[in-house]
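Bear in mind that the values here come from a model prediction, so they are computed numbers and not experimental data. What's counted below: heavy atoms across the whole structure, side chains too, no hydrogens, waters or symmetry copies.
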Amino acid sequence: MKRYAYLAILMGLALLLGSCWTTEPIYPRPEPWLCSVNADGTGFRKIMKSPFNTPGLVDIYMTKDNRIIFYGEKLWISETDTIRVEQITPSNLVLFDKPQLEFTRDGSTTYFAASRDLYKLNLSNNEVFKITETPVDFRYAEPLLSDDELCMTMRSYSYTVKEPIIVGAYIELLDNSLKYIYSNVWFPASYKTMLMTSMNRMILENRDGFASVGLNDSTYTLHLPYSASYKNMFETTSDQRYIVTKYVQSAKSYAIAIDLQNYAHYELGYVNEHHSRSPIKVSKDANLVFFFDDQRIYRYDLATHQKTTVIGPNAEVDIYSVIMFAPTWDGSKVYFYADIS
């Protein structure tokens with residue numbers, strides 16, 4: 001009996017001591033919200049909690065008239081004050097699962113890849129036009145307009161080392177005809193390409209770094225060696241002077257801006273690819289680069305080469321993780337989707 005009495009006393013002491021231990025405060029679980037903030041860090045606003053009626057959502061984009069486009073299995077559009085999404089691509093099209101919308105500089109049209117072809121969308125009336133008939137061994141995806149907006153390169157299965165060496169393909173948008181780009185030497189297949197007709201070159205990125213191919217002489221030149229990332233497409237500044245892309249170092253990716261006049265490069269900072277394939281975006285009407293790491297959104301001014309923090313965890317908002325974002329065309333505001341606690 002004494003043994004049981006001792007056990008009862010010990011259990012009582014354990015309970016008494018346990019009640020005296022301090023416990024960690026319980027924090028609310030992070031929730032996904034669509035938010036906005038001015039580029040100077042003021043005016044933070046939580047707009048709407050996810051989920052939206054946008055299956056497969058992987059990215060967001062801003063239009064020139066400050067509407068928001070949601071990229072998922074389809075494209076949806078909405079005003080920003082109150083999110084009421086409207087589907088703007090036909091139900092029979094399935095968008096390519098790597099997000100890429102390419103806008104004309106006047107903001108009237110965007111191009112996208114869906115169901116193995118390329119399409120353009122008139123944003124004034126939501127009319128969709130098919131612009132390619134895909135060959136059997138191709139899969140058009142992730143379009144990029146040339147600097148004069150008369151041609152469009154894309155990722156496709158056009159690369160071949162047979163003579164003549166085909167290293168790229170593009171669409172002439174005047175008649176939607178398919179053209180090829182040739183090289184006089186073999187080089188590693190490109191991750192992304194863009195025609196710069198003002199330079200008479202196709203610029204590209206492959207595993208070796210940043211390079212180009214002359215359209216007249218087919219000469220390949222490696223301008224800037226680095227370990228490149230294939231995951232997102234080029235971003236170009238409004239004056240077409242800078243290409244913004246990524247390089248990889250120790251399994252981490254960093255945003256980089258390349259000056260096409262002299263190939264000088266500027267490292268902007270670490271970017272988080274855990275959630276988003278598009279952690280870097282350039283404002284369409286300003287030479288401003290926006291990018292995000294785990295918990296912060298940054299603004300980089302290519303005119304002054306100054307970097308500032310747009311938003312991060314602070315007394316007003318606790319950002320657990322930034323997931324996707326889109327700056328307005330003038331760079332004055334950023335809409336973003338983040339886990340917030």
Side-chain angles (χ1 to χ4, degrees), residues 34-45 59-69 71 80 99-107 110 144-145 147 149 192 194 196 198 203 205 210 229 232-247 253-273 276-312 314 319 322-338:
L34 177 68
C35 308
S36 66
V37 65
N38 296 327
D40 62 2
T42 64
F44 168 75
R45 185 167 77 96
D59 210 354
I60 56 176
Y61 297 83
M62 297 302 298
T63 64
K64 192 176 181 70
D65 60 357
N66 288 330
R67 293 179 293 168
I68 188 167
I69 292 180
Y71 187 113
T80 54
Q100 172 70 8
L101 289 185
E102 183 73 341
F103 293 87
T104 55
R105 285 193 288 277
D106 64 5
T110 187
L144 277 178
L145 283 167
D147 53 350
E149 300 191 345
K192 59 204 78 169
M194 179 181 175
M196 297 293 292
S198 59
I203 59 174
E205 198 174 53
F210 186 77
S229 170
N232 70 305
M233 302 302 285
F234 287 138
E235 290 279 331
T236 56
T237 55
S238 59
D239 62 1
Q240 303 292 311
R241 176 174 174 176
Y242 292 92
I243 290 290
V244 181
T245 181
K246 293 184 301 188
Y247 78 95
S253 293
Y254 296 84
I256 183 174
I258 301 170
D259 189 333
L260 293 177
Q261 294 182 355
N262 56 16
Y263 300 110
H265 64 282
Y266 303 87
E267 185 177 301
L268 312 187
Y270 162 69
V271 292
N272 181 7
E273 296 180 302
S276 174
R277 285 183 59 94
S278 306
I280 311 167
K281 289 186 178 176
V282 177
S283 293
K284 305 297 182 184
D285 289 339
N287 279 9
L288 300 172
V289 183
F290 292 84
F291 62 97
F292 64 84
D293 59 18
D294 301 311
Q295 295 177 292
R296 290 171 175 83
I297 299 175
Y298 301 94
R299 173 184 181 267
Y300 190 95
D301 189 332
L302 283 166
T304 62
H305 295 288
Q306 295 295 311
K307 174 183 171 182
T308 56
T309 300
V310 176
I311 195 168
N314 55 49
I319 296 177
V322 180
I323 300 171
M324 61 188 76
F325 78 144
T328 56
W329 282 43
D330 63 1
S332 64
K333 200 169 188 176
V334 181
Y335 288 83
F336 65 100
Y337 181 49

Per-pair distances, 0.1 Å, donor-acceptor, side chain in residues 295-303, under 3.5 Å, sequence neighbours excluded:
from	atom 1	to	atom 2	distance (Å)
Gln295	NE2	Ile319	O	3.0
Tyr298	OH	Asp293	OD2	2.8
Tyr300	OH	His305	ND1	3.1
Asp301	OD1	Ala303	N	2.8

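Among residues two or more places apart in sequence or in another chain, the side chain to side chain donor-acceptor pair (under 3.5 Å) test is passed with Thr304 by none. The salt bridge (Lys or Arg N to Asp or Glu O under 4.0 Å) search around Glu267 returns none, not counting sequence neighbours. Remark: Tyr263 pairs with His223 by the ring pair (Phe, Tyr, Trp, His ring centres under 6.0 Å) rule, at least two apart or across chains. Under the salt bridge (Lys or Arg N to Asp or Glu O under 4.0 Å) criterion, Lys284 pairs with no residue at all, not counting sequence neighbours. Lys64 meets the salt bridge (Lys or Arg N to Asp or Glu O under 4.0 Å) test with Asp285; sequence neighbours excluded. For the ring pair (Phe, Tyr, Trp, His ring centres under 6.0 Å) test, no residue two or more places apart in sequence or in another chain qualifies with Phe234. Partners of Arg67 by side chain to side chain contact (heavy atoms under 4.5 Å, CB included), not counting sequence neighbours, listed by chain and number: Thr63, Asp65, Ile77, Glu79, Leu123. Tyr247 meets the ring pair (Phe, Tyr, Trp, His ring centres under 6.0 Å) test with Tyr254; sequence neighbours excluded. In this view, Phe290 satisfies the ring pair (Phe, Tyr, Trp, His ring centres under 6.0 Å) rule with no residue, not counting sequence neighbours. Remark: Tyr61 engages Asp59 in a side chain to side chain donor-acceptor pair (under 3.5 Å) (not counting sequence neighbours).
Among residues at least two apart or in separate chains, salt bridge (charged side-chain N to carboxylate O under 4.0 Å, His left out) pairs with a member in residues 233-245 are Arg241-Asp259.
Between the side chain of Lys192 and the backbone N or O of Asn232, at least one donor-acceptor pair lies under 3.5 Å. Distance alone, capped at 3.5 Å, is enough to place a donor-acceptor pair between the Glu102 side chain and the Leu145 backbone. For Asp147 (side chain) and Gln240 (main-chain N/O), no donor-acceptor pair under 3.5 Å exists by modelled atom type. Not a single donor-acceptor pair under 3.5 Å links the side chain of Thr237 to the backbone N or O of Asn287. Panel note: side chain Trp329, backbone Met62; a donor-acceptor pair is recorded below 3.5 Å. Remark: the backbone N or O of Thr42 is paired with a side-chain donor or acceptor of Asp40 at under 3.5 angstrom.
Taking every heavy atom of both residues into account, Leu34 and Tyr337 meet most closely at N-CD1, 4.1 Å. Val37 approaches Lys333 most closely through the heavy-atom pair O-CG, 3.3 Å. The nearest pair of heavy atoms linking Ser283 to Gly331 is OG-CA, 3.2 Å. Residues Met233 and Leu144 approach most closely at CE-CD1, 3.8 Å, considering heavy atoms. Contact between Ile60 and Lys281 at its shortest, heavy atoms only, is O-NZ, 2.5 Å. For the residue pair Asp330 and Ala286, the shortest heavy atom distance occurs at O-CB, 4.0 Å.
Side-chain contact check for Leu101 versus Ile69: some heavy-atom pair is nearer than 4.5 Å. By the 4.5 Å heavy-atom criterion applied to side chains, Lys307 and Phe291 are counted as neighbours.
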Under the criterion side-chain contact (heavy atoms from CB on, under 4.5 Å), I'd like the reasoning laid out for Val322 against Asn272: C-alpha separation, chi angles, the key distance, then a yes or no.
CA-CA 9 Å; Val322 180; Asn272 181 7; over 6 Å; no

Please determine whether side-chain contact (heavy atoms from CB on, under 4.5 Å) holds for the pair Asp294 and Tyr270, giving the CA-CA distance in whole Å, both sets of side-chain angles, and the decisive distance to 0.1 Å.
CA-CA 9 Å; Asp294 301 311; Tyr270 162 69; 3.5 Å; yes

Determine whether Cys35 and Phe44 satisfy the following criterion, side-chain contact (heavy atoms from CB on, under 4.5 Å), listing intermediate values before the conclusion.
CA-CA 7 Å; Cys35 308; Phe44 168 75; 3.8 Å; yes

Are Glu205 and Thr245 close enough, and set up right, to give a side-chain hydrogen bond (donor to acceptor under 3.5 Å, both in side chains), and what steps lead you there?
CA-CA 9 Å; Glu205 198 174 53; Thr245 181; 2.9 Å; yes

Run the side-chain contact (heavy atoms from CB on, under 4.5 Å) test on Val289 and Leu268 for me, step by step, so that the C-alpha distance in whole Å, both residues' side-chain angles and the decisive distance to 0.1 Å come before the verdict.
CA-CA 9 Å; Val289 183; Leu268 312 187; 3.7 Å; yes

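In this structure, OG on Ser238 lies 9.0 Å from CZ on Arg105, to the nearest 0.5 angstrom. From Thr80, atom OG1 reaches atom CD1 of Ile68 across 7.5 Å, with rounding to the nearest 0.5 Å.
The closest side-chain donor-acceptor pair between Asn66 and Thr328, if any, does not fall under 3.5 angstrom.
Aromatic ring centroids of Phe325 and Phe292 lie under 6.0 Å apart.
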